[in-house]
Asker: 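Here you go, one structure.
Every chain is numbered from 1 and lettered A, B, ... according to where its sequence line falls, protein lines coming before strand lines.
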Amino acid sequence: MRRTHEPLTYAVVAVLVGIGVVMVFSSSAILAEEQLGDQFFYLKKQVLFVLLGVLAVLVARRVPASALRKLAYPLAIFNLILLIAIFVPGVGKRAGGALRWLRVGPFSFQPSELAKLSIIVLLAASLARKEDRVREFKIGFLPHIIMVAPFILLTLAQPDLGTALFLVLTAGFMMYFGGVRLAHLASAVLLAVPCVAFEVMKDPNRMKRLLAFADPFKDPSGYGYQIIHSWYGFASGGLYGRGLAAGTQKLFFLPEIHTDFIMSLVAEELGFVFGVVPVILLFLVLMYIGLSTAMNGPDRFTRLLAAGITASLTLQALINLGVASGALPTKGLPLPFVSYGGSSLLVSMTMVGVLAGVMRTRKGGP
Amino acid sequence: MSDRGKNILIFRLRLFVFLLVASYLAVGYKVFFLQVLNAQDLKLKAAKEIQRILKLKPVRGTIYDRNRRELALSVEVDSVFAHPAKVNSPDAAARVLAPVLEMKESGLRASLASKKPFVWLKRWVSPRVSEQVTSLEIEGIHLKREPRRFYPRLGLAGHLIGFVGVDGIGLEGLEKEFDQLLRGKSKNVAFNRDARGKFILTGGLPHSPTPYGKSLVLTIDDRIQHIAERELAEGIKSSGAKDGSAVVMDPSTGQVLAIANYPPFNPNVFKSMRPSRWRNRAVTDYFEPGSTVKVFLVAAALDSGAVGIKDLIYCENGSYRFLDHVIHDVHPYRWLSIAGVVKHSSNIGAAKVAQKVGPKALHRYLWEFGFGTPTGIDFPGETSGLLRPPRRWWGTDIAAVAFGHSFAVSNIQLAAAISTIANGGVAYKPYLVREILGEDGKVLARKEPQAHGRVISTKTARYLNRILMSVTEEGGTGSQAAVPGYKTAGKTGTSRKLDRKTGTYASDRHMASFVGYVPAKDPALVISVVINDPTVGSHYGGVVAGPVFRRIAGQALHYLKVLPRGPVRMVNLKKRPVTQASAETALKPVLGGLGVQ
């Protein structure tokens, strides 16, 4: 019986989640105390979702690959219904000018987060079935574009350009792993460029944000504000950090510090050596585990599933770090396991559960 | 699944791994750049935004007398201010605050309705008022602790200490002269703040946050100061005079032990007093000294050898024609020794002695005694007096100077000059501040006595000592200045005041003075008393200023525990050496309006 990477996977995820819980508390305590009168508000919610996530892992790892494959389409349709339901008055929850959330009792849930997983499962199932014919445009490329289009368009309508772009990326790497011809993908990229350009340019704010990315100090109090203060966080942390809770930028300077910009606080309080490098290494270990699981998967579906989940988590982390450090333009994307946010945490942990399930299949499988 | 599909997947996964790791490294480098390579630049920018420099105002230093008793000190007191924008109802707030602050409601309402972000409502309120303001809990009304200057001894040495303006800048007196030292330097403390401008003090306050100015220890002795002020006031009141001053010095060091001025001045309420009352007349004002200058004339005559101690001077039986003027003496004399000229204060004798000395030498001696130039005392606004150079002395000027006219001195100059004689001939610079203290009370600087050099020989000084003692003896003009139990040396002075309107000397307005030292042998104190315009009774220096000298000296010597020597000779106060009537008749001024005792 071969040893699996399952325990190591849990260990990596546990450390990331642990860093997340601590940093979410550090980043949000003062904000929560000021706004809600309860410094533990965000911490409590995050911990609750960690517990739900653990449950999700335990359930997901037991779902057999074959069952998951059969569930691919129902899951996709269910997810689409959720994405549409957002627009039903009274069901969706508007925040910050965007309709992104579904009200679920006292909580709210982001269906576009689930779409990250749904698309992976859907495309893995479809691409696995098509085997060698994926190289044909009409079979390997076009149908999959059509399948993911509703997810992307509905997300775009919220509007949530960042997540929509990531869903496009997800579809792209799934087809890439699935063997779709690179020429098709490349042409799709070429076609997508003007579309994205149009999307960006039709909104003057997005344009300004893009320009601020090039030189934040040109607009230090406007669009450059967030990235400049994120940089201040990084710089103030230095090699070894200012120490836990000693961050300065969380004191109302850096907006979204507990969600999309949590890496700035990790960098400020824990430093490059104790904060940034460990987080990068943990995601690289996760990549190694995930991709070796993919390579050794028992069948094409599980291989694609494992590769897709791994790519999704590591790319999100990469993009998040890129945004926080100003290497990429500011687009809201959480850092998996670490950022505050129930939906992201729950979906990311479900992904880990599914990945673990694949490891188990290989272990116990034929 | 076909092998081909799997091979493609494996190839593409490897390519993905390569690109992903490369991207991670690139972003990792970007972070390293931010956190380490470019951190300094960003940190500076961040610090600009996060750090706020809080300027901590220093607490003004204390002014002590020589025995470290506080004469001026700063105490933290509440002031009431408002953020008018945060005051919900200026009308209601004004109505409630007006009786508490004892201010007019309309004025308060205007302040509270102002568009300024910050207005003072009342500076420096009493603890009771600040407590009431706090208990009112009005939105937008706050208290701020500010140091306020207090002069706990009220008017004591008020002219000397001066005062501080509302904004903590010394405006008069020692507060002005030593303003920079007393005020101290404000300390900049860098605090971090959050995006809303609140200070973050988690880093802790600096150990000693409040900076202090330096403190001064004066040469003034508050007891002697008190004695001088009390006796001067008494002397002025009983003689119906307008004003006056008294200086008490230690002749061996130049340390000023007291400077009293009248009318009194209480720096706590300087605003309610006319600026003329702020003046430290002893230092800032000059007057024609009258006969006291004969001391220095005789010093010059003896020291230069122009006149010998045994030489007799013919005093013309009371009336002496000099050029186109006639000089009179109060009492007619024929032959007087030089000692007699001083003891009886003969103007004719003085005029003759002065001619023997000559203008050049007389001027040089007067200059070296410190006349015609500021003494350099550490006090602002000192006058240099008036002493013309000898090439500008015309006609009878040599005689006028000889009995203290057509030149002018300040009281501090007079005291310093007589100190020179008292200590045996060396001129010391008078000074008021002997030590500068750091905030921990340690002495940072100590001022040593500063000698200008020898003015007259010790032999001359000894002669003068004997002559000046005779002034206070029976029959001398200054007998009322004699301190019981001590040999007292000194000289009286009475000069007519120049009427500024007519340009002539008024016959009924005088400056009465007495300057001297005690005990005559080994003097502990030099005291110079000047009283302006006595109107009741005698106007003579010996009668008006002499007793003030005696009383200050007597009490100060007792306080200083200087033991009396020899039998205590009681002065018969009823017997006046010069009666008012005799003075009136004797004074027939002809010398260009100069009537001199």
Asker: Please state whether the side chain, the backbone, both or neither of A:M295 comes within less than 4.5 Å of a heavy atom of chain B.
Answerer: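 The answer is both parts of A:M295.
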Asker: I'd like to check B:V21 versus A:M287 (side-chain heavy atoms, cut-off strictly below 4.5 Å). Are they in contact?
Answerer: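 Answer yes - side chains close enough.
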Asker: Tell me, do A:L315 and B:F16 make a side-chain contact under 4.5 Å, heavy atoms counted?
Answerer: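 In short, these two side chains touch, coming nearer than 4.5 Å.
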Asker: When only pairs under 4.5 Å are counted, which of B:V31, B:D41, B:I8, B:L15 shares the most heavy-atom pairs with chain A?
Answerer: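 The option with the most such pairs is B:V31.
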Asker: Given that the side chain runs from C-beta out, which part of A:L328 has a heavy atom under 4.5 Å from chain B: side chain, backbone, both or neither?
Answerer: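 The answer is neither part of A:L328.
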Asker: Measuring heavy-atom distances to chain B, does A:A317 have an atom under 4.5 Å in its side chain, in its backbone, in both, or in neither?
Answerer: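 When you check distances to chain B, atoms from both the backbone and side chain of A:A317 fall under 4.5 Å.
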Asker: Which bit of A:L318 comes within less than 4.5 Å of chain B, counting heavy atoms only: side chain, backbone, both or neither?
Answerer: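 It is both, since atoms from each part get that close.
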Asker: Quick one, A:L321 with B:K30, criterion side chain to side chain contact (heavy atoms under 4.5 Å, CB included). Give me CA distance, side-chain angles, the key distance, then yes/no.
Answerer: CA-CA 10 Å; A:L321 192 55; B:K30 170 84 181 174; over 6 Å; no
Asker: Might you point out which heavy atoms bring A:I280 and B:Y24 nearest each other, and give the distance in Å?
Answerer: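 Scanning both residues, the minimum pair turns out to be CG2-CD2, 3.7 Å.
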Asker: Examine whether an atom of A:A128 lies under 4.5 Å from a heavy atom of chain B, and if so say whether it belongs to the side chain, the backbone or both; otherwise answer neither.
Answerer: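 A:A128 has no heavy atom closer than 4.5 Å to chain B.
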Asker: Any idea which heavy atoms bring B:L42 and A:F217 closest together, and the distance?
Answerer: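 Reported closest heavy-atom pair: CD2-CZ, 4.1 Å.
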Asker: According to salt bridge (charged side-chain N to carboxylate O under 4.0 Å, His left out), who are the partners of B:E175, at least two apart in sequence or on a separate chain?
Answerer: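 Counting only residues at least two positions away or on another chain, B:E175 forms a salt bridge (charged side-chain N to carboxylate O under 4.0 Å, His left out) with B:R60, B:R149.
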Asker: Give a yes or no answer on whether the side chain of B:Q35 reaches the backbone of A:L239 with a donor-acceptor pair at less than 3.5 Å.
Answerer: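 No; judged by distance alone, with no hydrogens or angles, the pair does not exist.
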